[in-house]
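Below is one structure, written out as structure tokens, with a few remarks after it.
Atoms within each ligand, like the ligands themselves, are counted from 1 in listed order. Positions are given from 1, in the same order as the sequence printed here.
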Amino acid sequence: MRKTIIGLQTGLMKEYYRYFSKYAKGRTPDKKVAWVTAFTPVEILEALDMLYYYPESYAAVIAASGKEQELIDTSERNDLSRDCCSYSCCFNGCLDNDEAPRGTPPGPDVLIATNNQCDTLPNWWNVLSVKYDVPLIVIDYPGENMPREDALSYVTGQHKSLISRLEELTGNKLDEDRLLAVIENSRNSVDKWTKVISYLPKKNINPATFFDDINFLITSRCRTETAELYELMAESLENTEDADDDRIRAFWLGYPLWYHKDRILSECLEDFRITGSNYITWWNLDYSGSDVYERLFSAYDRTFLNLSRESRAARLRELIRASEAECAVVLHNKSCKCDFVSARNIELIQAELDIDMIDREYLNVGRAKAQMEILKETLCTG
Ligand code: SF4
């Protein structure tokens with residue numbers, strides 16, 4: 001039977017949420033469980049037959065279901081300031097209340113954090129390790145701060161140490177051929193996703209489609225079904241009608257607004273069309289290299305948020321050029337100072353909105369509308 005987009009999406013989600021407390025019906029995982037940050041080299045975990053869960057992604061799901069305020073309030077009462085990253089506030093509130101749309105993920109046997117994204121995550125994982133009293137492994141990715149050969153050797157040492165510790169935890173032995181096959185799956189998922197997002201500038205598509213469907217590249221990039229899903233999505237987008245060219249082409253620079261049904265501030269963007277976004281390219285990891293270790297290094301040491309400011313700006317300029325955007329909507333995100341840094345050096349007229357990707361109460365819609373009006377007037381008179 002021919003696979004369908006909805007069938008593949010449902011299958012991947014069912015698999016991922018199988019052991020969350022609302023669905024587990026008392027079953028507990030028969031594999032070791034890790035909680036990981038969004039740019040963890042999960043191919044190693046997949047090859048070792050572990051289960052892994054992403055607290056950041058789950059915070060986005062919670063906000064999409066409208067539950068984030070009560071959970072942020074709870075975590076604030078339990079000493080996590082609202083000024084911390086909202087992903088952490090929302091998820092920690094979910095643990096404190098033992099309550100969220102899909103319940104809570106199965107408890108971790110190990111916590112794995114990386115610093116190739118921000119410095120908040122290792123600190124957040126530290127808080128989790130105290131709560132759960134399980135080992136915490138932090139992987140340090142130097143990025144462009146170190147000559148490539150030195151960085152490769154340093155990161156490879158940490159990846160090998162991660163493998164040893166997880167072999168010990170799981171009792172499984174890593175098969176390098178299996179790891180290579182899993183890396184190939186991830187690379188294939190990235191290739192297909194790149195094709196999917198290439199349609200954004202040309203076709204009439206709700207950006208929510210991209211912001212929601214990238215989730216599979218985050219949580220399930222090692223699975224063959226993810227590439228199959230994206231292949232079908234690309235076929236479907238090819239047949240979607242062309243975009244309305246009367247609207248102003250805008251680049252969305254920052255996170256999706258998880259609490260918003262359209263994931264963007266559509267009430268302020270009636271005359272605009274989103275033709276590009278940096279967020280939807282963040283997991284387009286480069287798995288190039290001569291062996292598994294170089295491939296993992298290329299992918300995880302050079303994530304977008306771990307690049308130097310100059311490299312980020314160059315990458316952004318290229319994305320903006322491909323999007324054919326005339327202006328940018330830049331999110332000055334309360335949670336994520338490191339993401340905002342990426343908005344510097346962009347030679348494009350822009351509106352800078354004070355916003356948060358989870359905490360809807362942080363936004364002043366009237367002010368954002370006025371800013372977008374000014375942007376429109378500037379473009380029309382410029
Ligand atoms: S939103 Fe920013 S600060 Fe929060 S975990 Fe993600 S990268 Fe780190």
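- Taking every non-hydrogen atom of M357 and a distance limit under 4.0 Å, the qualifying atoms of ligand 1 come out as 1 (S).
- When only non-hydrogen protein atoms are considered, atom 8 (Fe) of ligand 1 lies nearest to C118 SG, 2.3 Å.
- Heavy atoms of C336 found under 4.0 angstrom from ligand 1 belong to the backbone as well as the side chain.
- Of the heavy atoms in W124, none comes closer than 4.0 Å to ligand 1.
- Residue-ligand proximity, S335 to ligand 1, at heavy-atom distances under 4.0 Å covers atoms 3 (S).
- Note on V36: it clusters hydrophobically with V134, by side-chain heavy-atom contacts below 4.5 Å among ILVMFWY residues.
- Between the side chains of E238 and Y199, at least one donor N or O lies within less than 3.5 Å of an accepting N or O.
- Nearest heavy-atom pair, I62 versus P101, reported as atom, atom and distance to 0.1 Å: CG1-CD, 3.9 Å.
- Counting non-hydrogen atoms of neighbouring residues, nucleotides and ligands closer than 6.0 angstrom, the NZ atom of K203 exceeds 12 such neighbours.
- Within ligand 1, the atoms closer than 4.0 Å to a non-hydrogen atom of T120 are 3 (S), numbered from 1 in the order shown.
- Atom 4 (Fe) of ligand 1 lies under 2.8 Å from an N, O or S atom belonging to C85.
- At the shortest separation from atom 6 (Fe) of ligand 1 among protein heavy atoms lies Y255 OH, 3.2 Å.
- Distance alone, capped at 3.5 Å, is enough to place a donor-acceptor pair between the D356 side chain and the I358 backbone.
- Relative to the six-membered ring of Y17, R102 meets both conditions, a distance below 6.0 Å and an angle of at most 45° to the axis.
- Under 4.0 angstrom from ligand 1, there are no non-hydrogen atoms of N333.
- Close approach to Q117 involves these atoms of ligand 1, each under 4.0 Å from a residue heavy atom: 6 (Fe), 7 (S).
- Judged by the 6.0 Å distance and 45° axis criteria, K160 is positioned over the aromatic ring of Y293.
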